Amino acid sequence: MALSFCGNDRGSNAYSVDKGVLDNGCFVDALNLVPHVFLLFITFPILFIGWGSQSSKVQIHHNTWLHFPGHNLRWILTFTLLFVHVCEIAEGIVSNTQMESNHLHLFLPALMGFIAATTSVVYYHNIETANFPKLLLALFIYWILAFITKMIKLWKFAEASLGVQYLRFCITALLVVLYGLLMAVEINVIRVRKYVFFANPQRVKPPEDLQDLGVRFLQPFVNLLSKATYWWMNPLIIGAHKRPIELKKIGKLPIAMRALTNYIRLKDSYEEQRQKTEDPEKSPSIWKSMYQAFGGPILLSSTFRYMADLLGFAGPLCISGITANMTFGVFFMSSTELLQNTSVLAVLLFLALVLQRTFLQASYYVTIETGINLRGALLAMIYNKILRLSTSNMSMGEMTLGQINNLVAIETNQLMWFLFLCPNLWAMPVQIIMGVILLYYLLGDSALIGAGVILLLAPVQYLIATKLADTQKSTLDYSTDRLKKTTEILKGIKLLKLYAWENIFCDRVEETRGKELTSLKTFALYTSMSIFMNAAIPIAAVLATFVTHAYIEEVRLSPAKAFASLALFHILVTPLFLLSTVVRFAVKALVSVQKLSEFLQSDEIGDDSWRNGEMYMSLEVGKKYKYHGDVSTKAINRKGRYRMDNYEQPMRRQLRPTETEDVAVNDGFFTWGSNLSTLTDINIRIPTGQLTMIVGQVGCGKSSLLLAMLGEMQTISGKVYWSNVAFGAFPLKNRYSVAYAAQKSWLLNATVEENITFGSPFNKQRYKAVIDACSLQPDIDLLPFGDQTEIGERGINLSGGQRQRICVARALYQNTNIVFLDDPFSALDIHLSDHLMQEGILKFLQDDKRTLVLVTHKLQYLIHADWIIAMKDGSVLREGTLKDIQTHDVELYEHWKTLMNRQDQELEKTEMESQTTLERKTLRRAFYSREAKNQIDDEDEEEEVEEDDDDNMSTTTSRRSKIQWKMCCRYLSSGGFLMVFLMVSSKLAKHSVMVAIDYWLAAWTSSNPFLGVLQHLSYVPVFIILCGAAIALCLITSLTVEFLGVAAATNLHHNLLNKIIHAPIRFFDVTPLGQILNRFSADTNIIDQHIPPTLESLTRSTLLCLSAIGVIAFVTPAFLIALVPLAVAFYFIQKYFRVASKDLQDLDDSTQLPLLCHFSETAEGLTTIRAFRHEARFKQRMLELTDTNNTAYLFLSAANRWLEVRTDYLGAVIVLTAAVAAIWSTSQSGLVGLGLTYALTVTNYLNWVVRNLADLEVQMAAVKKVNSFLSTESENYEGSMDVSQVPEDWPQHGEIKIHDLCVRYDTMLKPVLKHVNAHINPGQKVGICGRTGSGKSSLSLAFFNMVDVFEGKIVIDGIDICKLPLQTLRSRLSIILQDPVLFSGSIRLNLDPERTCTDDRLWEALEIAQLKNMVKALPGGLDAVVTEGGENFSVGQRQLFCLARAFVRKSSILIMDEATASIDMATENILQKVVMTAFADRTVVTIAHLVSSILEAEQVLVFSSGTLVECDSAPNLLAQENSLFSILVRTHK
């Protein structure tokens, strides 16, 4: 057969043009080639030159991107054009097979058209990126030529009266329309851009976002193809392999997605709703305003979703077509005939799949983007509301911090998730109805029975889903309870170990954990039921349908119908399974909106107009705050860093000489919300530039007065005047920023320096002066990074005094005219107070001529005041100078004098070594132990760093992308081998049975059609048995996986708890508490609830994919050849994705925390922020944090779409190859149907395999962290002596001999005690003293064998304590620690957790500790409640409880470790008395922080840097002038 363009059939003269040139069909086809060739001819040189020049310029940055008008329309039309060309080629090739010889003109022009169309779009894309529209002229000419040539062809067809019934006519007509439309698009570009035929072409700048190189999220700006396939993500995802993705790399959001933009959108529509509601009580509808602001994208997404769902049904129909036409082919080319050609159907199936998946992912993406925008807008709305909440709301407990945190962390996310899922709400019913209609069309009445089974079981699913939610709630309650108990144990671990109570408290936790596990088992049961239902419903439906079909219908079931309906059942299951979830989310969203709207309606602060209304930050302002790099970077250059923050620095106004007062209140009545006024009849003035003091008893309204002046209280009547301008006269001018230090100190989670400067420019001298005035330097020197150390919730916890001094420093540093200090001395000891008064208040502030209002209880400072306001019961008692009061109110003056004297006496009592020194000491201890740990860590890190330095890719990637298989094994082995074996075997069995069912169906439907009815029915019993087995196995597998998870969780937590409780005390010194708690909270939660479903899903999808590939390979072995490249592609996709996904997940998590912290921080410090007038700055910070978190989340979801699009396309290719292989190999039609049905399932499950792998990898990190703690050494509890060898009443006498004792905290560290020798007689009272860090406390720990005694020994009553079992040793000695520790529970539990003592014994102990009357008065007596940490008792009372606890344990040795350090004089006297009387016959070792407390001791041991330097009775040592003891006594007096 010769190849020729017009063919050379016998008897036809193909090349004659006798009847006229255009009447020769072949010539018309040849004419159609001209435009295509023309286009290729022109564009190729331009493209090549373009590529050449482009490669020399390193990739043009995306700021040159630009869309010409009609951009998206052009892409859509071109794709349609390509599709029509494919149809034309197919039609040509099929027709050609009918001819005697090859007629190239039937398909060659179409092929060239396909190539030309592809070229046109590539060419267009390049012109667009280069922004060089003149070159579009070539395309314009091409469209015109193509349009004309096709028109001629169509006209000729019409002449020959070939009508619509012929496929070729339809195709040509379609092409004419498409070329015409493309021509129109091109003309439109000329009209808008005027690049040709016009004198002045329009200059167009690319969108603003693209000019900003910081924007890296390009989805809105790339072309349609890149949008659909996320091609622009490639560099990011592949680059993640080389180096981890950081915040810098993901840049910032495009303007349209920023929280501010969306906030303004939502706010406007919310306000509009508010104006619409006539009734002011009724709150504006949030639903409507959300729909108004974000409805458009949701509708778009729903449209995509509908298109995807309808295309989804193409799969089953194509299967039915391919399977049915496997018998013979028909070749008259009418429009329907093409669709009976199996190869054509295979290609159509492929295209339908690709399109369906593209639409589906587009729908997902649009909803997710909208959801993120909505969340940003809601967060901004909530934040704005928080900044305006009335203070009374917060303090009267109407709005707790917890509620606000919930709004931010839970409710906004619920709404975001609802938005993600809401297109399902209206897409799913349509999908279900369509599915049932198609089934009915295929199978008749029996289909309705199958659908009925599905619909009946759907409510059961919903029930299970709601049950799941409830169980999760109860599990949550138990785990919070367990966490609380664990936290208490860890905080009081030193005490528990010293008293040998750790096991008792460990059992308390285990008990709660038991309840939690019961709840978890219920949870596991419901989850497995849910999984089981999902797997079993389709099997049950198929069983019901096919069995009834066999009995009712006359017609035998054909393979085509059987497999098409099988595929349909699979499609139907997903929406039904998801529907229950979506409905649940919808219900949750309703609740969330309810809460939100209540919150947005709650009271706001007084609507005085000076509150400068809704501090709107217009977009202009937004631009002024340029984003400065990563939010959390430590700024090195001080200058650059503050420039950002100066914008709202209030200018110091020049004082006008006439002004005498800054603030005045006339006839003020103020309230905290209830209509009773808290402050009545207030008439005061605050003189300018002077020191005003407000004094009065506790609770007389001093702080309220300050807040009333700041406008925080509700005004019933009266006015507050600020510097002669009444509120409301000039809105923004009247009140400047006031530096305010609240009574309850409030710190930001930031560095010390940022806390002090608080957004003001940094000025070194001023900063230094402020730090000295507040004597913060010694504290700063202790911090690991000086003033660059992070403090606050997430940083280092400072003590109360240190926090308060930082707050005062902040107020002093601010450059404002007015300073309000609310009782700044309350948490400070006397020396610091004096220093602060002299240096800070009198010197620093007065030099500055600032107006200062000081609330205080320290009356001795009244002499410094220029003006005094004395308050009583919410009204002003007196106002004036001290002289005025002395002359006019003698009584008050005398009263003050007596109070002052009393304060002075107390002053004499308190010793030098004060609270502050103590605070510094605890801080130092914390760091000392942590540094040691860090040294060890640093060594490890250095080793790691060395490995990292080989920057060859292989090592770094392998380190990051390995799933920890070791961890997986560790996890599975925790679950027990029996469970693992059960899980694996049942999974394999289940999937084998599933394949068997479908194989049997294939055999049944393909059996000889001429068999009798009975032979057909003989297939039914086997089918029923197989289905039954499959359903049973589904149940077993779902149960085994879940319970394997529960078993693993039980074991891991149990081991973790025991390991940590029994770890040496050193472990707790070097491991931050937060880190240990994290293992018990976050990591345990992941192991409990997240790993099992991930594992289940992973194994299920993997086995499904494998069985599908196995079946296809069995049906058509040729498929295996195509499998190799597909497998390689899949391997690389998942490899890259997993690494990138993990990084983005981490970024998302790490950016979420600061955001939540910022919210709770703001809510706590509202009054301070408003007094300082820093609302705008905090708002800006919130917007930045929200945007950062949203960027990470957007990238994470875009990465998921990237993966899904790729795996979906791979799945489509698998379907195509399976179909083509099946068509070429002539196998039985039933088996072909089987292969194709399986190929279709692969597309759904491929991406799940990868996503679950990625999730499992993140979740296994939790197992790894828990596992790292499981390797900690335990203390040696055994000892070398047996318990039976220790006398029952040991130690009887309490004699202690210390021989050559050397002690260290860790084998890595230097000894803290060196060669100590001492002898303590029974019943002696011994004092131990020495400077800080001399090793006093280490000795007390050595008595309990808590530290490493590596030389020498301590012998108590003849037994070397290092040989004793720890439990025995520690339970026979008593100790009172410096910090009193109480546990939540009852008083009885705190005194005697072992429940060994009688009530009388406990009461006796309480009486000795002088607590009996107080405890008697409590409800419940001994069983009275102790709150967490004993917060419901004062510090002194807590210390007395500890004394009672020591007394309950009748031990002959008592050790007091600085027990009087943190208590007041009265309690200390009680303690001393008790020790002298109740413990008269016992040996008491007192470690003194004040030497004065051991002057009565019979023997004094003086330590200096770890060695014992003096040992004698106190009077003897004092007699020696130059002994260390007498020096200590002198310096401390």
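Values reported hereafter were calculated over all heavy atoms of this structure, with side chains retained and with hydrogens, waters and symmetry mates removed. Everything quoted here is computed from the prediction, not taken from an experiment.
Counting heavy-atom neighbours within 6.0 Å of Lys1297 NZ, excluding the residue itself, gives a total of 12 or less. Counting heavy-atom neighbours within 6.0 Å of Gln1285 CD, excluding the residue itself, gives a total above 12.
Scanning for side-chain hydrogen bond (donor to acceptor under 3.5 Å, both in side chains) contacts around Asn1317 gives an empty result, with sequence neighbours left out. Applying the ring pair (Phe, Tyr, Trp, His ring centres under 6.0 Å) test to Phe1068 and every residue at least two apart in sequence or in another chain returns nothing. Under the rule for a side-chain hydrogen bond (donor to acceptor under 3.5 Å, both in side chains), the partners of Ser1338 that lie at least two apart in sequence or sit in another chain are Tyr1305.
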Take Arg1388 and Asp1399 through the test side chain to side chain contact (heavy atoms under 4.5 Å, CB included) and record every step on the way to the result. CA-CA 9 Å; Arg1388 183 193 303 275; Asp1399 279 12; 2.7 Å; yes
Worked check of side chain to side chain contact (heavy atoms under 4.5 Å, CB included) between Leu1406 and Leu1391: CA-CA 9 Å; Leu1406 286 173; Leu1391 296 180; 3.9 Å; yes
Starting from the C-alpha separation in whole Å, work towards a yes-or-no answer on side chain to side chain contact (heavy atoms under 4.5 Å, CB included) for Asn1276 and Leu1366. CA-CA 8 Å; Asn1276 174 15; Leu1366 287 182; 5.7 Å; no
Can you check side chain to side chain contact (heavy atoms under 4.5 Å, CB included) on Ser1340 and Val1485, steps first, answer last? CA-CA 9 Å; Ser1340 70; Val1485 178; over 6 Å; no
Show which side-chain atoms of residues 1341-1361 pair as donor or acceptor with protein atoms under 3.5 Å away, not counting sequence neighbours.
from: Asp1348; atom 1: OD2; to: Arg1304; atom 2: NE; distance (Å): 2.9
from: Asp1357; atom 1: OD1; to: Gly1294; atom 2: N; distance (Å): 3.2
from: Asp1357; atom 1: OD1; to: Glu1295; atom 2: N; distance (Å): 2.9
from: Asp1357; atom 1: OD2; to: Gln1292; atom 2: N; distance (Å): 2.9
from: Asp1357; atom 1: OD2; to: His1293; atom 2: N; distance (Å): 2.9
from: Asp1357; atom 1: OD2; to: Gly1294; atom 2: N; distance (Å): 3.1
from: Asp1360; atom 1: OD1; to: Cys1362; atom 2: N; distance (Å): 3.1

Which atom pairs, donor and acceptor, lie under 3.5 Å between side-chain atoms of residues 486-493 and protein residues at least two apart or in another chain?
from: Thr486; atom 1: OG1; to: Arg482; atom 2: O; distance (Å): 2.6
from: Thr487; atom 1: OG1; to: Leu483; atom 2: O; distance (Å): 2.5
from: Glu488; atom 1: OE1; to: Ser1384; atom 2: N; distance (Å): 3.2
from: Glu488; atom 1: OE1; to: Ser1384; atom 2: OG; distance (Å): 3.0
from: Glu488; atom 1: OE2; to: Ser1384; atom 2: N; distance (Å): 2.8
from: Glu488; atom 1: OE2; to: Ser1384; atom 2: OG; distance (Å): 3.1

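Two residues are said to be in side-chain contact when any heavy atoms from C-beta on lie closer than 4.5 Å; Leu1501 and Lys1336 fail this criterion. Between Lys494 and Ile1065 the shortest side-chain heavy-atom distance falls below 4.5 Å. Within the 4.5 Å cutoff, side-chain heavy atoms of Leu1389 are placed close to those of Arg508. Side chains of His1315 and Thr1507 form no contact here, defined as non-hydrogen atoms less than 4.5 Å apart. The side-chain heavy atoms of Phe1441 and Asn1390, taken from C-beta on, include no pair separated by under 4.5 Å. The shortest side-chain heavy-atom distance between Glu1394 and Asp1392 falls under the 4.5 Å cut-off. You'll find the side chain of Ile1298 reaches within 4.5 Å of the side chain of Leu1339, heavy atoms only. Between Trp1403 and Thr1398, every side-chain heavy-atom pair lies at or beyond the 4.5 Å cut-off.
Heavy atoms only, all atoms of each residue included: Gly1421 and Ile1387 are closest at O-CD1, 3.9 Å. Summarising the geometry of Val1502 relative to Phe1525, their closest heavy-atom pair is CG2-CB, 3.9 Å, with the distance given to 0.1 Å. Heavy-atom minimum distance, Ala1444 versus Ala1405: O-CB, 3.7 Å. Minimum heavy-atom separation, Gly1323 to Thr1483: N-OG1, 3.0 Å. Scanning both residues, Ala1446 and Arg1482, for their nearest heavy atoms gives O-NH1, 4.4 Å. Considering every non-hydrogen atom in both Lys497 and Glu502, the closest pair reads NZ-OE2, 3.7 Å.
Residue pairs satisfying the side chain to side chain donor-acceptor pair (under 3.5 Å) criterion with at least one member in residues 1365-1375, sequence neighbours excluded, are listed as follows: Glu1275-Arg1370.
Of the inter-residue distances, the one linking Asp834 atom CG with Phe825 atom CZ reads 8.5 Å to the nearest 0.5 angstrom. Atom CZ of Arg1438 and atom CG of Leu1443 lie 16.0 Å apart (nearest 0.5 Å). Note: Phe505 CZ to Lys485 NZ = 10.5 Å, rounded to the nearest 0.5 Å. In this structure, the separation between CD on Glu1510 and OG on Ser1526 is 7.0 Å, given to the nearest 0.5 Å. With rounding to the nearest 0.5 angstrom, the CD1 atom of Ile806 is 9.0 Å from the OG atom of Ser745. Between the SG atom in Cys506 and the CG atom in Leu496 there is a gap of 10.0 Å [rounded to 0.5 Å].
With hydrogens and angles disregarded, no donor-acceptor distance shorter than 3.5 Å links the side chain of Arg805 to the backbone of Leu776. Distance alone, capped at 3.5 Å, places no donor-acceptor pair between the Lys1314 side chain and the Leu1301 backbone. In this structure, the side chain of Arg1079 does not engage the main chain of Leu1056 through any donor-acceptor pair within 3.5 Å.
Checked against a 6.0 Å centroid threshold, the rings of Phe1080 and Phe1269 do not count as neighbours.
Using a 3.5 Å distance cut-off with no hydrogens or angles, the side chains of Asp781 and Gln777 do pair a donor with an acceptor. Ser1284 and Asp1282 share a donor-acceptor pair across their side chains, judged by distance under 3.5 Å alone.
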